[in-house]
Amino acid sequence: MERSGILSSDCAPEERFVEDYTKLKDIVEAIRKLGGKIVLTSGSFDLAHIGHARYLREARLRGDFLVVGVESDERIQIRKGPNRPIVPQHERIEALTHLRYVDMVTLKHKGDESWMLIKTVRPDVLVISERTGYSGEKVERLREFCGEVVNLPSQAETSTSARLREMQIGVLGPAIESMEGAVEVLAAGLTRLRGMKGG
């Protein structure tokens, strides 16, 4: 039997991306009534790398239905500066719908109240990255809205920020060397000119 929508074997980005939190809550409650264990995680997922894929796999293994909250472009800019994200939110969202471990994707907006997505989904398992750096007290407060809070270690040595630094060094390093060479040529030319004028 051919399945459609969020249960289809296709990525179905139009079905798996649910921006409206009221609709998201209804879907999650329907899955829960069917006996599904809901897992929630969130992040930027900018410039996707193997650590993201492994992280999402680990999150999904903790339940039956994984909801992923994606930070909007505006939220990322506030936290990481005007040059981020590298990949715009509509592409990051669609890319996540193509990953087999992700069941549903939603967007976290700039004006959302604190923990709004967590309070909406009320997951059986909330997966947070150890890089988030939540204190024990904050984790205890989160448990008011979740069954379990899992602090997941990084799943790869790299990070998006580290990758970007490598790329900048790769581009800027040769450019700086080239500029230094040009400056040396100019300096030698000026020295010759001064010598000619002096002679």
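For this chain, numbers begin at 1 and follow the sequence in order.
Residue Glu144 qualifies as enclosed at atom CD: its count of foreign heavy atoms under 6.0 Å is above 12. No more than 12 heavy atoms of other residues, nucleotides or ligands shown are found within 6.0 angstrom of NZ on Lys23. Atom CZ of Arg143 has more than 12 neighbouring heavy atoms from other residues, nucleotides or ligands inside a 6.0 Å radius.
Within the 4.5 Å cutoff, the side chain of Leu24 has heavy atoms near those of the Val121 side chain. The shortest distance between side-chain heavy atoms of Leu126 and Ile128 falls below 4.5 Å. The shortest distance between side-chain heavy atoms of Leu61 and Arg57 falls below 4.5 Å. With contacts defined as side-chain heavy-atom distances shorter than 4.5 Å, the pair Gln77/Pro82 does not qualify. Inter-residue side-chain proximity for Arg62 and Val150 is flagged as met; some heavy-atom pair is nearer than 4.5 Å. Residues Val68 and Asp103 fail the side-chain proximity criterion, which asks for heavy atoms closer than 4.5 Å. Between Met104 and Glu15 there is no side-chain heavy-atom pair separated by less than 4.5 Å.
Considering CG of Asp46 and NZ of Lys80, their distance stands at 7.0 Å, rounded to 0.5 Å. With rounding to the nearest 0.5 Å, the separation of CG in Asp64 from CG in Asp124 is 8.5 Å. Note that CZ of Arg92 and CD1 of Ile86 are 10.5 Å apart. Values are rounded to the nearest 0.5 Å. Atom CD1 of Ile93 and atom CD of Glu19 lie 7.0 Å apart (nearest 0.5 Å). Atom CG of residue Leu99 and atom CZ of residue Arg16 lie 10.5 Å apart, to the nearest 0.5 angstrom. Between the CD1 atom of Ile31 and the CZ atom of Phe65 there is a distance of 4.5 Å, given to the nearest 0.5 Å.
Of all non-hydrogen atoms in Ala59 and Thr41, the two that sit nearest each other are CB-CG2, 4.5 Å. When all heavy atoms are compared, the tightest approach of Tyr21 to Leu107 is OH-O, 3.0 Å. Residues Thr22 and Asp20 share a closest heavy-atom pair of N-OD1, 2.7 Å. Contact record, Pro13 with Glu94: CB-CG, 4.1 Å, taken as the closest heavy-atom pair. Of all heavy-atom pairs spanning Leu47 and His52, the tightest one is O-CE1, 4.0 Å.
Contacts of Lys25 classified as salt bridge (charged side-chain N to carboxylate O under 4.0 Å, His left out), with partners at least two apart in sequence or in another chain: none.
Following chains of ILVMFWY side-chain contacts shorter than 4.5 Å, one can reach Leu40 starting from Leu142, so the two form part of one hydrophobic cluster. Taking hydrophobic clusters as Ile, Leu, Val, Met, Phe, Trp and Tyr residues chained together by side-chain heavy-atom distances below 4.5 Å, Met116 shares a cluster with Val18. Val87 and Ile76 fall into different hydrophobic clusters, defined by Ile, Leu, Val, Met, Phe, Trp and Tyr side-chain heavy atoms under 4.5 Å apart, directly or through other members. Linking ILVMFWY residues whenever their side-chain heavy atoms come closer than 4.5 Å, directly or via other members, leaves Val70 and Tyr101 in distinct clusters.
With respect to the salt-bridge test (charged N to carboxylate O, under 4.0 angstrom), the residues Glu58 and Arg54 do not qualify. With salt bridges taken as basic N to acidic carboxylate O contacts below 4.0 Å, none links Asp73 and Lys110.
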Q | Steps toward side-chain contact (heavy atoms from CB on, under 4.5 Å) verdict (Val28, Thr120) | A | CA-CA 9 Å; Val28 164; Thr120 299; over 6 Å; no
Q) Would Val125 and Cys146 count as a side-chain contact (heavy atoms from CB on, under 4.5 Å) if you check the C-alpha gap in whole Å, the side-chain angles of each, and the deciding distance to 0.1 Å? A) CA-CA 6 Å; Val125 182; Cys146 318; over 6 Å; no
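The only option from Glu71, Arg84, Arg79, Arg75 that meets the side-chain hydrogen bond (donor to acceptor under 3.5 Å, both in side chains) definition with Ser44 turns out to be Arg79.
Of the N and O atoms on the side chains of Tyr55 and Ser154, not one donor lies less than 3.5 Å from an acceptor on the other residue. A side-chain donor-acceptor contact under 3.5 Å links Ser42 and Lys108.
Classified by interplanar angle (parallel below 30°, tilted 30° to 60°, perpendicular above 60°), the ring pair Trp115/Phe145 is perpendicular.
In terms of modelled atom types and a separation under 3.5 Å, the side chain of His109 and the main chain of Gly111 share no donor-acceptor contact.
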